[in-house]
Colleague: 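I have a structure I would like to understand better, so I am pasting it below and will then ask my questions one at a time.
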Amino acid sequence: EAGVAQSPRYKIIEKRQSVAFWCNPISGHATLYWYQQILGQGPKLLIQFQNNGVVDDSQLPKDRFSAERLKGVDSTLKIQPAKLEDSAVYLCASSFGQGLEAFFGQGTRLTVV
Amino acid sequence: QQQVKQSPQSLIVQKGGIPIINCAYENTAFDYFPWYQQFPGKGPALLIAIRPDVSEKKEGRFTISFNKSAKQFSLHIMDSQPGDSATYFCAAVLDGNEKLTFGTGTRLTIIP
């Protein structure tokens, strides 16, 4: 089966600019996650969707980050405006829902300069 | 209460040795404990997982030991190989919402 697709793979932007990341989960997976992984740390959950509804966005900095999951399939994560500390790998993952195994994409490495 | 503490931060083991990575948690509502393996430039991939009603689980060379009373679990890699060199993350899932909380990671290096 095809894995979780993310794009772009790399992005370099200046601070205060905006950026968007895209994720296409595994077909049929109801749960979609966005994680932020700062270099040398474990992934930190930003937002979790069940179909197109938000389950948990408690750690999403809502003043600058937003995410949506259109029609319960693809998802986009946006940062506006970006800060230097947003430099990280942004990982998208999906799971069937009840199965609990989350499959991760390769991530988007964001560098804010 | 949502934290998962992982140690050591890095580990170097000779080929054939048995690296052990330890994790501890506080929240007794966690009910699923997966381990993820991450190679540079890749996303984490599920390696093995355990539920708290089981004290040990083996899959190939990978074993999870689980101590429910101590709220600790560990990963053992038997007959370690250089190809096992990667970063390993323990994680815990909260009963009911499938939220994955990761540990801080262990960078494992297996030297020939």
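Here is the naming used below: chain letters follow the sequence lines, and residue numbers restart at 1 for every chain.
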Colleague: Do other residues, nucleotides or ligands put more than 12 heavy atoms under 6.0 Å from the CG atom of A:Leu70?
Modeller: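 It does: A:Leu70 CG has more than 12 such atoms within range.
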Colleague: Which atoms form the tightest heavy-atom contact between B:Phe89 and A:Gly42, and what is the distance?
Modeller: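 So the two residues come closest at CE2-CA, 3.2 Å.
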Colleague: So for B:Gln38, is it side chain, backbone, both, or neither that comes closer than 4.5 Å to the heavy atoms of chain A?
Modeller: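 For B:Gln38, side-chain heavy atoms alone lie under 4.5 Å from chain A.
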Colleague: Distance-only, no hydrogens or angles: does the A:Tyr33 side chain make a donor-acceptor pair with backbone N or O of B:Leu100 under 3.5 Å?
Modeller: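 Flag not set: sc A:Tyr33 to bb B:Leu100 has no pair under 3.5 Å.
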Colleague: Please look at A:Thr108 and chain B and tell me whether the side chain, the backbone, both or neither of the residue comes under 4.5 angstrom of a heavy atom of that chain.
Modeller: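 Answer is neither: A:Thr108 stays 4.5 Å or more from chain B.
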Colleague: Please identify, among A:Gly40, A:Pro43, A:Gly105, the residue contributing the most non-hydrogen atom pairs under 4.5 Å to chain B.
Modeller: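 The answer is A:Pro43.
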Colleague: Hydrophobic cluster membership, with links at side-chain heavy-atom distances under 4.5 Å among I/L/V/M/F/W/Y: are A:Phe49 and A:Phe104 in one?
Modeller: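 No.
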Colleague: Is A:Leu32 reachable from A:Val73 through a run of I, L, V, M, F, W or Y residues, each pair having side-chain heavy atoms under 4.5 Å apart?
Modeller: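 Different hydrophobic clusters.
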Colleague: Taking side chain as everything from C-beta outward and backbone as N, CA, C, O, which of these in A:Gln37 sits under 4.5 Å from a heavy atom of chain B? Side chain, backbone, both or neither.
Modeller: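 Contact with chain B is through the side chain of A:Gln37 alone.
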Colleague: Between A:Leu91 and B:Pro44, which heavy-atom pair has the shortest distance, and what is it?
Modeller: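 For A:Leu91 versus B:Pro44, the nearest heavy atoms are CD1-CD, 3.8 Å.
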Colleague: Picking from B:Ala45, B:Gly41, B:Ala49, which has the most non-hydrogen pairs under 4.5 angstrom with chain A?
Modeller: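 Heavy-atom pairs under 4.5 Å are most numerous for B:Gly41.
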Colleague: Answer yes or no: are there more than 12 heavy-atom neighbours, outside B:Gln9 itself, under 6.0 Å from its atom CD?
Modeller: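 Not more than 12 within 6.0 Å, no.
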Colleague: If you group Ile, Leu, Val, Met, Phe, Trp and Tyr by side-chain heavy-atom gaps below 4.5 Å, do A:Leu60 and B:Leu94 land in one group?
Modeller: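 Shared cluster, no.
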Colleague: Using non-hydrogen atoms and a 4.5 Å limit, figure out which bit of A:Arg109 sits close to chain B: side chain, backbone, both or neither.
Modeller: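 Neither part.
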